[in-house]
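Counting from 1, the numbers follow the sequence of the chain as shown.
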Amino acid sequence: MKLCLLLNVIDPKIGGVMIMGDRGTGKSTTVRSLVDLLPEIKVVAGDPYNSDPEDPESMGIEVRESVLKGENLTVVMTKINMVDLPLGATEDRVCGTIDIEKALTEGVKAFEPGLLAKANRGILYVDEVNLLDDHLVDVLLDSAASGWNTVEREGISISHPARFILIGSGNPEEGELRPQLLDRFGMHAQVGTVRDAELRVKIVEERALFDKNPKEFRHSYKAEQEKLWQQIASARACLSSVQIDHDLKVKISKVCAELNVDGLRGDIVTNRAAKSLAALKGRDQVTAEDIATVIPNCLRHRLRKDPLESIDSGLLVIEKFYEVFS
């Protein structure tokens, strides 16, 4: 789970993570703790869409018009945003609303940005995603795939960039996501309850220490946190120079083909995740070991479900990997 989250921070184009696991296994805690590790980015000051001053694809329309006019933009550094999507959110709250009255009386497009605007160039986290209304999930996934959110009301249409890392978590007991929705998540992590008694005791003790003095507890992990932060920053910087051999790409696609994975998302995500892992380890070349680490999380949720199959889909992926790569 942690590795999937880190790889998505290094390369947001992986497409997010779906985390499924028993209740009380720390899914939400882990996702929310990611905020401290997020690097800083350049944004246009006062812009509701966190527009990138250097990339027209991530700019709001007003900022783009200012750039075309040659106006100087005020640029500030800010931490990547993490937006929580509450289960009871309405479509207007998520997508934003158009003030029809203002549009008709004053002739201006009065748009009130929603959560998707706030999440642009950041992370959108949906806890209990399998309980979210289907039409809201469709809206989220369309935006996540296209990178844009379009709001249409009474003949008025407004679009704005909505490029975010989509992270969802849920408990399998409360129902599964539809396969076509699951497929839109880049990676899938499965979390189980810890069975080792010693480790359980350690978790209970750590929790007690945190409750007693949260500030001191955080400080005790500061050095490790700083080290990981530096690792992520350097991985993001060198990601573009990481190479993957053609032979390895062919083998990845062969695994996907032999597992009857629908579409090509599995191939694309596995290549990207393997590159991110190599960058995290400080290398500029992907190895078969990198692929073995990430491929179960990239493909397990894309396999067709066989109700009579008792073996975990992640193990099926690993078996096929060793068959092809050996």
Side-chain angles (χ1 to χ4, degrees), residues 1-19 34 39 55 57-58 80 121 123 141 143-147 163-168 179-190 231-304 312-326:
M1 168 171 64
K2 285 182 185 175
L3 183 66
C4 291
L5 292 169
L6 290 178
L7 297 183
N8 271 274
V9 171
I10 293 164
D11 183 5
K13 286 183 180 170
I14 287 172
V17 193
M18 178 67 205
I19 302 164
L34 196 64
D55 178 16
E57 284 293 310
S58 299
I80 286 178
R121 300 180 67 213
I123 293 174
L141 295 171
S143 297
S146 66
R163 292 164 182 266
F164 48 81
I165 304 169
L166 183 62
I167 299 176
Q180 63 269 41
L181 301 187
L182 255 184
D183 185 52
R184 290 285 183 92
F185 285 93
M187 301 180 85
H188 185 286
Q190 211 152 328
Q231 211 179 339
I232 291 168
S234 60
R236 276 173 71 103
C238 72
L239 179 65
S240 56
S241 60
V242 177
Q243 299 297 317
I244 179 165
D245 288 341
H246 181 73
D247 180 45
L248 291 178
K249 288 180 186 174
V250 171
K251 284 181 175 175
I252 288 171
S253 290
K254 194 175 179 189
V255 171
C256 293
E258 291 191 13
L259 285 169
N260 292 322
V261 174
D262 290 332
L264 292 168
R265 282 201 187 107
D267 308 50
I268 294 166
V269 170
T270 308
N271 277 276
R272 280 188 174 143
K275 282 184 177 181
S276 292
L277 182 57
L280 185 64
K281 290 181 176 176
R283 287 187 272 100
D284 62 358
Q285 199 69 34
V286 172
T287 64
E289 193 185 329
D290 295 329
I291 298 165
T293 306
V294 300
I295 202 166
N297 302 103
C298 297
L299 300 183
R300 72 187 321 154
H301 57 303
R302 301 178 202 279
L303 303 189
R304 293 189 177 179
D312 177 56
S313 52
L315 291 173
L316 282 175
V317 175
I318 277 291
E319 279 177 13
K320 185 58 71 178
F321 168 84
Y322 284 116
E323 193 182 300
V324 170
F325 275 73
S326 60

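Every residue two or more places apart in sequence or in another chain that forms a side chain to side chain contact (heavy atoms under 4.5 Å, CB included) with S146 is listed here: W148. By the salt bridge (Lys or Arg N to Asp or Glu O under 4.0 Å) test, D262 pairs with R304, sequence neighbours left out. Residues passing the salt bridge (Lys or Arg N to Asp or Glu O under 4.0 Å) test with E323 are K320, sequence neighbours excluded. Applying the ring-ring contact (aromatic ring centres under 6.0 Å, His included) rule to Y322 yields no partners; only residues at least two apart in sequence or on another chain are considered.
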Run Q190 and H188 through side-chain contact (heavy atoms from CB on, under 4.5 Å) and show every step you take. CA-CA 7 Å; Q190 211 152 328; H188 185 286; 3.9 Å; yes
Run the side-chain contact (heavy atoms from CB on, under 4.5 Å) test on N297 and L7 for me, step by step, so that the C-alpha distance in whole Å, both residues' side-chain angles and the decisive distance to 0.1 Å come before the verdict. CA-CA 11 Å; N297 302 103; L7 297 183; over 6 Å; no
List the steps and the verdict of side-chain contact (heavy atoms from CB on, under 4.5 Å) for F185 and L166. CA-CA 7 Å; F185 285 93; L166 183 62; 3.8 Å; yes
Does F321 form a side-chain contact (heavy atoms from CB on, under 4.5 Å) with I291? I'd like the steps, not just the answer. CA-CA 9 Å; F321 168 84; I291 298 165; 3.7 Å; yes
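Going from atom CG of N271 over to atom CG of L264 covers 11.0 Å, rounded to the nearest 0.5 Å. Distance check, rounded to the nearest 0.5 Å: NZ of K251 to OG of S326 gives 8.0 Å. The structure places CD1 of I10 at 6.0 Å from CD1 of I232, a figure rounded to the nearest 0.5 Å. For the atom pair T270 OG1 and R265 CZ, the distance stands at 13.0 Å (nearest 0.5 Å). Distance CG/D11 to CG/L277: 12.5 Å, rounded to 0.5 Å. Note that SG of C298 and CD1 of I14 are 7.0 Å apart. Values are rounded to the nearest 0.5 Å.
Taking all atoms of both residues into account, the shortest heavy-atom contact from M187 to A273 is CE-CB, 4.1 Å. The shortest non-hydrogen separation linking I165 to P12 is CG1-CB, 3.7 Å. Of all heavy-atom pairs between A292 and I318, the closest is O-CD1, 3.7 Å. Looking at every heavy atom in both residues, R302 comes nearest to V261 through CB-CG1, 3.8 Å.
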N/O donor-acceptor pairs under 3.5 Å from side chains in residues 235-249, not counting sequence neighbours:
| unit_1 | atom_1 | unit_2 | atom_2 | d |
| --- | --- | --- | --- | --- |
| R236 | NH1 | V9 | O | 2.7 |
| S241 | OG | C238 | O | 2.7 |
| D245 | OD1 | Q285 | NE2 | 3.0 |

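The number of heavy-atom neighbours closer than 6.0 Å to CD of E289, taken from other residues, nucleotides and ligands shown, is 12 or below.
Considering only heavy atoms from C-beta on, R121 stays 4.5 Å or farther from I80 through its side chain. Put simply, the side chain of L280 reaches to within 4.5 Å of the side chain of L3, judged on heavy atoms.
Side chain of H301 to main chain of A189: no donor-acceptor pair is present (N/O by atom type, distance under 3.5 Å, no hydrogens or angles).
Judged as a salt bridge (charged side-chain N to carboxylate O under 4.0 Å, His left out), the pairs with a partner in residues 268-288 (not counting sequence neighbours) are, in order, K281-D290, R283-D290.
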